[in-house]
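See structure below.
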Number of protein chains: 2
Amino acid sequence: MKPQRRPLSNMGTEEDISQLAELFRLMGDTSRLRIILKCLHTPISVSDIATQLELSQSLVSHHLRLLRTARVVRSERRGKQVFYVAADEHIQCVIEDMVAHISEPDQNEEDD
Amino acid sequence: MKPQRRPLSNMGTEEDISQLAELFRLMGDTSRLRIILKCLHTPISVSDIATQLELSQSLVSHHLRLLRTARVVRSERRGKQVFYVAADEHIQCVIEDMVAHISEPDQNEEDD
DNA sequence: AAAATATATGAACATGTATTTATATGTATG
DNA sequence: CATACATATAAATACATGTTCATATATTTT
């Protein structure tokens, strides 16, 4: 079930906006976005992400640290491996909404 | 009414991901995000955005061009002024979902 | 305890980009 | 047509950041 839609009226503090922008910024890199997509549904280990996405282990780890600090993903240790998964369902909602936006028909008065 | 939730399964092409990331990247800057928020509900002129946000006219115009090219906002000329407004409701949904994510309680095993 | 495996971290580099300054384009008005 | 007003654009700069390479930490296994 989708969370209720809260008005954006009372979230105008600079602090909120910085935090919002930070989250969007993190999702605004193709490597990180692909990593997030891998973590969306089920937990996945760092090495699996690296091999599946053909990214270096170091790079994946760097990105995961940023994502974890921003609470986009959370981590869970299982033996030698560490599994990462999206922090909550909202991450998926955000992406789905943006996909919906992309597939929206264009209606601007001026041409490009 | 919220748009239906489409599975993210069949949107794995590199092209889609690049476009997605580009949109998130654009929203990942505080100046641009504040501009977007100003355009969310009703059309607003460039100069009004600039004065209300205390940003230079040039900077606002630069950002609006990027946002318009990416179809985050659309423009409409009214006499000397140009009004900008969010391209569709999905933009607002994306932001609302992210706000919901921020206010979500943390549940990670490890502390920071 | 040593070796092996998985992950994390630090420094360096190269690239990208937000912002400013100056100027140009477009639109209405005297 | 010239002036004023609103917006757009170009070049330059300062800063941020994605990626790589090398190395460290953590956990299991022999």
Side-chain angles (χ1 to χ4, degrees), chain A residues 14 17-36 38-39 43-70 72-85 108-112, chain B residues 14 17-18 20-39 43-70 72-85 108-112:
Chain A
E14 296 294 318
I17 292 182
S18 293
Q19 201 175 351
L20 258 186
E22 169 71 5
L23 288 168
F24 284 129
R25 191 184 66 80
L26 286 174
M27 301 182 70
D29 173 79
T30 51
S31 297
R32 273 194 301 263
L33 184 56
R34 289 169 72 209
I35 292 174
I36 293 172
K38 279 294 175 188
C39 299
I44 182 175
S45 73
V46 178
S47 49
D48 281 353
I49 296 174
T51 54
Q52 292 184 25
L53 299 183
E54 298 183 90
L55 300 175
S56 76
Q57 179 270 319
S58 173
L59 182 57
V60 173
S61 188
H62 275 295
H63 284 317
L64 283 172
R65 181 158 67 108
L66 297 176
L67 293 173
R68 192 170 78 91
T69 301
V72 174
V73 300
R74 58 179 200 268
S75 64
E76 178 188 353
R77 178 136 229 154
R78 298 184 195 173
K80 293 188 236 181
Q81 304 186 12
V82 177
F83 285 73
Y84 285 82
V85 65
N108 197 338
E109 54 169 12
E110 337 188 4
D111 298 334
D112 290 333
Chain B
E14 296 294 319
I17 293 181
S18 293
L20 258 186
E22 170 71 6
L23 287 167
F24 285 129
R25 192 184 65 81
L26 286 174
M27 301 182 69
D29 173 78
T30 51
S31 297
R32 272 194 302 263
L33 185 57
R34 290 168 73 209
I35 291 174
I36 293 172
L37 289 173
K38 279 292 175 189
C39 299
I44 181 174
S45 73
V46 178
S47 49
D48 280 354
I49 296 174
T51 54
Q52 290 183 27
L53 299 184
E54 296 182 272
L55 300 175
S56 77
Q57 179 270 320
S58 173
L59 182 57
V60 174
S61 188
H62 274 297
H63 284 316
L64 283 172
R65 181 156 68 105
L66 296 176
L67 294 173
R68 192 171 79 90
T69 301
V72 175
V73 300
R74 58 178 201 269
S75 63
E76 179 189 351
R77 178 139 228 151
R78 298 183 194 172
K80 292 189 238 180
Q81 302 185 340
V82 178
F83 285 72
Y84 285 82
V85 66
N108 198 337
E109 53 170 10
E110 337 189 4
D111 298 336
D112 290 334

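Proteins come first, then strands; the chains are lettered A, B, ... in the order of their sequence lines, and each starts at number 1. These numbers come from a predicted model, not from an experiment. Side chains are part of it too, since the values below use all heavy atoms of this structure and drop only hydrogens, waters and symmetry mates.
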Review point. Reckon S47(A) touches a base, only the sugar-phosphate, or nothing at all at heavy-atom distances under 4.0 Å?
Key: sugar-phosphate

Check your understanding: What are the two closest non-hydrogen atoms of L64(A) and V73(A), and how far apart are they?
Key -> O-CG2, 4.3 Å

**Study point:** Length of the CG-C1' vector between L55(A) and dA8(C), whole Å
**Key:** 16 Å

Practice item. Examine the side chains of S58(A) and S56(A) and answer whether a donor and an acceptor come within less than 3.5 Å of each other. Key: no

Review point. By centroid distance (under 5.5 Å) and plane angle (under 30°), are H62(A) and dT19(D) in a stacked arrangement?
Key: no

Point to revise | Length of the CZ-C1' vector between R77(A) and dT7(C), whole Å | key: 6 Å

Practice item. Check whether any side-chain nitrogen or oxygen of R25(B) sits under 4.0 Å from OP1 or OP2 of dA18(C), and answer yes or no. Key: yes

Exercise for review: May I ask you to evaluate whether H63(A) reaches the phosphate of dT19(D), defined as a side-chain N or O under 4.0 Å from OP1 or OP2?
Suggested key: yes

Review point. Just checking Q81(B): base, sugar-phosphate only, or nothing, at a heavy-atom cut-off of under 4.0 Å?
Key: sugar-phosphate

Exercise for review: Using atom CG of L33(B) as one end and atom C1' of dA18(C) as the other, report the distance to the nearest whole Å.
Suggested key: 15 Å

**Study point:** Straight-line distance of F24(B) CZ to L23(A) CG, nearest 0.5 Å
**Key:** 10.5 Å

Exercise for review: Classify the nucleic acid contact of Y84(B) as base, sugar-phosphate or nothing, counting any heavy atom under 4.0 Å across all strands shown.
Suggested key: sugar-phosphate

Exercise for review: Check whether any side-chain nitrogen or oxygen of R65(B) sits under 4.0 Å from OP1 or OP2 of dT7(D), and answer yes or no.
Suggested key: no

Check your understanding: Picking from dT20(C), dT19(D), dA6(C), which would you name as closest to the side chain of S56(B)?
Key -> dT20(C)

Practice item. Considering just the side-chain nitrogens and oxygens of R32(A), establish if one lies under 4.0 Å of OP1 or OP2 belonging to dT19(D). Key: no

Practice item. Consider the side chain of V82(A), meaning its heavy atoms from C-beta on, and name the nucleotide among dT7(C), dC5(D), dT7(D) that approaches it most closely. Key: dT7(C)

Point to revise | Closest to side chain of D29(B), choosing from dT20(D), dT7(C), dA18(C) | key: dA18(C)

Revision key, fill the gap. Separation of dG18(D) atom C1' from I36(A) atom CD1, nearest Å, is 15 Å

Exercise for review: Let me know the distance between CD of E76(B) and P of dT7(D), rounded to the nearest Å.
Suggested key: 13 Å

Point to revise | Quiz item: S58(A) side-chain donor-acceptor pair to dT9(C) base, under 3.5 Å | key: yes

Point to revise | Phosphate-side-chain proximity, R78(B) and dT27(C), N/O vs OP1/OP2 below 4.0 Å | key: no

Check your understanding: Can you find a donor-acceptor N/O pair under 3.5 angstrom joining the side chain of Q57(A) to the base of dA6(C)?
Key -> no

